[in-house]
There are 2 protein chains.
Amino acid sequence: MRAHELPEIRRLPLFRDMRHASFETLMQGAYAQTFPAGLELIRQGDPADFLHIVMEGAVELYSLWSDRECTMAVVQPVGSFILAACIRDAPYLMSARTLERSRLVLLPSSDVRAVFRTDPEFAVSVIGELAGCYRAVVRHAKGLKLRTSRERIASYLLRQSRLAGEVASYILPVEKRLLASYLGMTPENLSRALKTLEADGVKIDGTRVIITDRARLTALARPDQLIDGPDPDGSTAGVSLPPANVAGLRRGA
Amino acid sequence: MRAHELPEIRRLPLFRDMRHASFETLMQGAYAQTFPAGLELIRQGDPADFLHIVMEGAVELYSLWSDRECTMAVVQPVGSFILAACIRDAPYLMSARTLERSRLVLLPSSDVRAVFRTDPEFAVSVIGELAGCYRAVVRHAKGLKLRTSRERIASYLLRQSRLAGEVASYILPVEKRLLASYLGMTPENLSRALKTLEADGVKIDGTRVIITDRARLTALARPDQLIDGPDPDGSTAGVSLPPANVAGLRRGA
DNA sequence: AGCCCGCCTTGACCTGCATCAAGTTGCGTC
DNA sequence: GACGCAACTTGATGCAGGTCAAGGCGGGCT
């Protein structure tokens with residue numbers, strides 16, 4: 001564990017308000033490690049031994065079933081994942097892999113469970129975090145059930161623009177294949193849909209998104225706070241695709 | 001509030017372990033009411049003023065977007081709903097309506113939030129409940145993204161059979177239109193798919209389901225604990241369609 | 001620099017599922 | 001028992017999106 005990492009973890013909403021002693025206890029059992037890109041960190045179905053925290057890099061949460069695979073979320077620094085499985089001492093519902101070289105901190109699940117029973121402040125933070133995660137997944141499910149592919153794409157593009165500060169142009173934060181999987185469609189379909197969306201106010205040039213007619217794109221996407229967020233308090237709770245970079249710098253790769 | 005209702009609420013996992021005084025406090029602000037069938041209890045987007053508990057009847061949670069609608073879950077006695085919105089003091093993400101004449105207990109959200117801050121045992125229960133809800137929605141999303149319509153139907157039919165005790169025949173606990181919406185398809189498509197599933201080991205006669213070839217149906221559905229549940233500890237956390245009745249008695253209607 | 005591999009695109013095709021439009025059944029009501 | 005409504009079924013049709021197959025582009029490595 002590096003010196004600067006402890007304060008960074010401490011600043012997370014999940015750990016911000018807990019007692020000092022509790023934090024110490026948790027961090028005693030912690031260990032940090034750097035993993036190469038493309039490594040499977042967690043296999044779905046395995047027992048939830050550790051709460052994972054992403055310090056650097058990016059981690060994809062995905063699910064497998066019967067030779068099919070789909071992306072559920074991407075976790076970026078500094079964020080935690082699979083809190084729910086740790087708490088219930090239940091098998092992971094999702095697998096996780098690094099998208100790039102990543103540094104993680106791992107906390108034994110048993111420690112996490114022990115600490116929130118003795119530190120009410122930490123318990124309250126866990127409640128907030130879980131409630132946020134729950135609402136994020138509900139939003140995702142709503143999008144899948146209520147919107148068509150094109151609408152999901154348009155909403156995503158607008159949401160990323162909003163997260164970057166209502167910019168008219170930005171760089172996609174993830175590979176298109178991953179985006180397609182997250183949005184519940186094939187890469188081919190995403191590619192074609194992006195092309196046809198040029199008639200609806202957005203131009204895609206490689207990884208760059210240029211919103212040419214925001215009103216038109218908005219009319220198609222019909223963004224809704226109850227699907228696209230954010231929650232009034234603004235916390236995203238880490239279960240979604242990462243925010244876009246404003247400048248031309250490409251994340252990862 | 002009726003005399004027998006307090007103990008029933010107290011028996012819920014969410015309230016079972018809290019301090020007596022906390023329970024008293026919560027129940028002082030509670031009020032119970034009976035609603036007719038088909039009444040909108042909650043409109044998505046409204047502020048989360050009350051935690052709802054279903055004492056009798058059944059409540060559908062559904063979502064609306066742009067003249068489309070989909071069922072997210074059905075809550076049956078004795079279960080609570082929209083805990084996450086209450087905790088975050090955020091707008092409801094889903095609407096709720098009674099499916100039949102139902103009796104509900106309503107607890108002011110502010111009381112819930114206040115109590116879990118002062119009663120660590122209650123906080124722990126809330127954590128467990130939220131983690132369960134989160135995992136239930138993740139499962140639902142996985143099913144939507146990884147399985148085809150036919151596979152979702154087959155899985156659902158097998159799951160209901162399991163919940164009823166591996167019976168070969170049972171009555172559908174909900175209307176088919178609602179089931180279709182829950183499974184993410186149109187009623188027409190459900191109707192047709194059920195017909196074609198007769199070649200795969202299950203016969204549907206009205207509301208009765210008869211599994212004629214469990215092996216064959218299982219081969220199609222490829223049930224998976226990480227999608228269909230249950231979690232090892234068995235708690236369903238109330239976010240799913242209700243279990244089937246074993247006997248010939250029809251729920252609701 | 002050149003090569004190679006993986007991501008992305010494009011095309012052709014086709015399946016699954018939605019949509020629209022009638023029926024039909026079942027059930028509660030009068 | 002007849003009526004009427006709502007749920008369900010069935011049919012015809014169309015389109016969204018999946019699948020399969022073949023390039024093209026770009027970035028990283030030797």
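All chains are named by letter (A, B, ...) in the order of the sequence lines, taking the proteins before the strands, and each is independently numbered beginning at 1.
- More than 12 heavy atoms of other residues, nucleotides or ligands shown are found within 6.0 angstrom of CZ on A/Arg68.
- A straight line from CG of B/Leu178 to C1' of D/dA6 spans 15 Å, rounded to a whole angstrom.
- Distances from the side chain of A/Lys195 to the nucleotides D/dG17, D/dG18, C/dT10 place C/dT10 closest.
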TODO: Produce a footprint string for nucleotides 19-25 of chain C: one letter per nucleotide, 5' end first; B if the base is under 4.0 Å from any protein heavy atom, S if only the sugar-phosphate is, - if neither.
DONE: BB-----

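- Summarising the local packing, CZ of B/Arg222 is surrounded by more than 12 heavy atoms from other residues, nucleotides or ligands at distances under 6.0 Å.
- If you run side chain to side chain contact (heavy atoms under 4.5 Å, CB included) between B/Ser181 and each of B/Cys70, B/Ser63, B/Pro187, only B/Cys70 comes through.
- The interatomic distance linking B/Leu99 (CG) with D/dA6 (P) rounds to 17 Å, in whole Å.
- If you check every strand for non-hydrogen atoms under 4.0 Å, A/Gly38 touches nothing.
- Atom CG of B/Asp205 is separated from atom C1' of D/dT9 by 13 Å (rounded to the nearest Å).
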TODO: Begin with the C-alpha distance, continue with both residues' side-chain angles, and end with the deciding distance and a verdict on side-chain hydrogen bond (donor to acceptor under 3.5 Å, both in side chains) for A/Lys145 and A/His140.
DONE: CA-CA 9 Å; A/Lys145 291 179 92 162; A/His140 191 60; over 6 Å; no

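- The two atoms that bring B/Ser169 and B/Ile210 nearest to each other are OG-CG1, 3.8 Å, heavy atoms only.
- Between the CE atom of A/Met185 and the C1' atom of D/dG18 there is a distance of 12 Å, given to the nearest Å.
- Stacking of B/Arg97 on the aromatic ring of B/Tyr62 is recorded, both the 6.0 Å distance cut-off and the 45° axial limit being met.
- Remark: nothing in residues 216-223 of chain B comes within less than 4.0 Å of DNA chain C through any heavy atom.
- A/His52 contributes atom NE2, which lies 9.0 Å from atom CG of A/Asp49 (distance to the nearest 0.5 angstrom).
- What separates CG of B/Leu179 from C1' of D/dC8 is a distance of 13 Å, to the nearest Å.
- Summarising the geometry of B/Tyr92 relative to B/Phe50, their closest heavy-atom pair is OH-O, 3.1 Å, with the distance given to 0.1 Å.
- For the pair B/Arg150 CZ and D/dG18 P, the interatomic distance rounds to 19 Å; values are reported in whole Å.
- Within the 4.0 Å cut-off from OP1 or OP2 of C/dG16, not a single side-chain nitrogen or oxygen of B/Ser149 is found.
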- [ ] Decide side-chain hydrogen bond (donor to acceptor under 3.5 Å, both in side chains) for A/Thr34 and A/Arg103; before the verdict, give the C-alpha distance in whole Å, the side-chain angles of both, and the deciding distance to 0.1 Å.
- [x] CA-CA 4 Å; A/Thr34 302; A/Arg103 184 165 178 82; 2.9 Å; yes

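- Remark: P of D/dG17 and CG of A/Leu144 are 12 Å apart, rounded to the nearest angstrom.
- For the pair B/Arg177 CZ and C/dG26 P, the computed distance is 18 Å after rounding to whole Å.
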